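These notes are about the structure you will find just below.
As the structure is a computational prediction, the values presented were derived from the model and not from experiment. Below, each value reflects all heavy atoms present in this structure, side chains not excepted, and no hydrogens, waters or symmetry copies. Proteins come first, then strands; the chains are lettered A, B, ... in the order of their sequence lines, and each starts at number 1.
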There are 2 protein chains.
Amino acid sequence: MELIQIYQCFCDATRLRIIHLLTQGPLCVCHFQDILEVPQTKVSQHLAYLRKREMVETTRRGTWMIYSLPSKLSPELESNLKCLQDCAQTDKRFRDDLKKLGKVKQGTEWIGETLSQKSTCC
Amino acid sequence: MELIQIYQCFCDATRLRIIHLLTQGPLCVCHFQDILEVPQTKVSQHLAYLRKREMVETTRRGTWMIYSLPSKLSPELESNLKCLQDCAQTDKRFRDDLKKLGKVKQGTEWIGETLSQKSTCC
DNA sequence: CGACTATATTCATGTTGACGGATATACTGG
DNA sequence: CCAGTATATCCGTCAACATGAATATAGTCG
């Protein structure tokens with residue numbers, strides 16, 4: 001992944017929040033919706049943008065689509081993700097996203113290879 | 001400077017090269033032109049973009065306009081500039097830019113507050 | 001002041017991107 | 001197979017951006 005493409009992926013607020021969430025681990029679309037509070041279409045479109053540029057990978061689990069960062073990160077991407085995590089700490093918006101992520105995650109839990117469902121959503 | 005704006009400034013190839021050059025120190029427009037080998041208009045427009053977003057500062061020195069990074073960098077910008085410098089090392093294009101910067105700089109030299117001109121350009 | 005150099009701005013145009021609304025697809029459980 | 005949920009894609013529209021050409025501005029030197 002070219003450096004410039006990394007920045008292109010990073011340069012929209014919604015995408016940046018998505019990527020930031022993904023640094024914490026894989027996440028399914030409905031969780032993105034819950035956390036970001038943006039329309040489903042918007043989430044899907046940005047995820048499509050990221051997929052097209054191979055910034056994210058997907059796995060289907062039933063009707064849910066789980067998004068994650070690529071399993072092997074280029075050094076450039078890795079550096080920039082670290083930098084992002086670092087910068088995000090001082091930003092209220094990103095911190096709030098992480099808080100919500102925690103709450104949303106409380107509703108679900110991974111047990112081995114299966115997802116134990118506690119919330120109404122995935 | 002907001003994180004997202006940093007990425008917006010970084011997300012065009014020409015701008016990224018400009019910013020990368022600026023991490024090495026102030027530079028005037030004609031040097032950008034020489035190094036980047038892009039039309040003057042293009043350089044000026046990208047510099048205007050960066051100026052508007054306060055990613056760069058300017059000083060006039062005679063007919064030349066010297067561009068530099070802001071004297072006080074936000075922590076976010078500083079982190080990202082470091083990251084950029086890091087990533088740029090492994091990229092041929094950026095390395096070539098630095099090589100050219102060296103050559104161009106050989107033609108000029110700062111002596112105290114005055115610019116001793118050795119090349120035809122500033 | 002006038003010619004010249006360095007740089008900026010304006011303009012027109014093509015492209016990409018962001019977004020909401022509508023619709024399609026994919027999987028699941030009955 | 002059907003209904004329902006999760007997600008993706010398509011479409012139209014609007015704004016932002018990238019770019020080259022032409023022109024304007026600012027400073028210097030004679």
Atom-pair distance ([atom1] on [X]; [atom2] on [N]), nearest Å:
{"X": "A:R61", "N": "C:dA26", "atom1": "CZ", "atom2": "C1'", "value": "17 Å"}
{"X": "A:W64", "N": "D:dA8", "atom1": "CH2", "atom2": "P", "value": "14 Å"}
{"X": "A:F32", "N": "D:dA6", "atom1": "CZ", "atom2": "P", "value": "16 Å"}
{"X": "A:Q8", "N": "D:dA18", "atom1": "CD", "atom2": "C1'", "value": "12 Å"}
{"X": "B:Q33", "N": "C:dT7", "atom1": "CD", "atom2": "P", "value": "7 Å"}

**Report entry** C:dA8 base / B:T41 side chain donor-acceptor hit below 3.5 Å
**Finding:**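 No, no donor-acceptor pair under 3.5 Å.
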Query raised in the report: Under 3.5 Å, is there an N or O donor on one side and an acceptor on the other linking the side chain of A:Q40 and the base of D:dA8?
Result: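 Indeed, a donor on one side and an acceptor on the other fall under 3.5 Å apart.
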**Report entry** Any A:Y67 side-chain N or O less than 4.0 Å from OP1/OP2 of D:dA6
**Finding:**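 Result: no.
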Query raised in the report: Should A:R60 be listed as having a side-chain N or O under 4.0 Å from OP1 or OP2 of C:dC27?
Result: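 Yes, A:R60 has a side-chain N/O under 4.0 Å of OP1/OP2 on C:dC27.
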Report task. For the residue pair A:E2 and A:S74, confirm or rule out a side-chain donor-acceptor distance under 3.5 Å. Result ->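 No donor-acceptor contact under 3.5 Å links the two side chains.
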Query raised in the report: Under 3.5 Å, is there a donor-acceptor pair between the B:Q40 and B:S44 side chains?
Result: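 The criterion, which ignores hydrogens and geometry beyond distance, is satisfied for B:S44 and B:Q40.
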Which pairs would a plain distance check flag for residues 49-56 of chain A, meaning a side-chain donor or acceptor within less than 3.5 Å of a matching protein atom at least two apart in sequence or in another chain?
from  : atom 1 : to    : atom 2 : distance (Å)
A:R51 : NE     : A:Y67 : OH     : 3.2
A:R51 : NH2    : A:Y67 : OH     : 3.4
A:R53 : NH1    : A:Y49 : O      : 3.2

Query raised in the report: When rounded to the nearest 0.5 angstrom, what distance separates CG in B:L77 from NZ in B:K72?
Result: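 Atom-to-atom, B:L77:CG and B:K72:NZ are 13.5 Å apart.
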Query raised in the report: To the nearest 0.5 Å, what is the distance between CG (B:N80) and SG (A:C83)?
Result: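 Answer for the CG-SG pair, B:N80 versus A:C83, is 3.5 Å.
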Query raised in the report: Does B:R15 reach the main-chain N or O of B:C9 with its side chain, forming a donor-acceptor pair under 3.5 Å?
Result: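 Such a contact is found between B:R15 side chain and B:C9 backbone.
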Query raised in the report: Within the side chain of A:R60, is there an N or O that forms a donor-acceptor pair under 3.5 Å with the backbone of A:M65?
Result: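 Not at all, since once roles are kept as given, no pair shorter than 3.5 Å links the two residues.
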Query - Ion pair B:R93/B:D96, N-O distance below 4.0 Å - result: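 Judged by the 4.0 Å cut-off on N to carboxylate O distance, B:R93 and B:D96 do not form a salt bridge.
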Query raised in the report: Going by number, which of residues 43-56 of chain B have a non-hydrogen atom under 4.0 Å from DNA chain C?
Result: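 Listed by number, they are B:S44, B:Q45, B:R51.
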Query raised in the report: Which of residues 9-18 of chain B have a heavy atom under 4.0 Å from DNA chain C?
Result: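 Under 4.0 Å from DNA chain C: no residue of residues 9-18 of chain B.
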Query - Side chain of B:K42 - closest among D:dG20, D:dA26, C:dG20 - result: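 Nearest to the side chain of B:K42 among the choices is D:dG20.
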**Report entry** Validation row: B:D91, A:E76 side chains within 4.5 angstrom (heavy atoms)
**Finding:**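 Of all side-chain heavy-atom pairs linking A:E76 with B:D91, none is under 4.5 Å.
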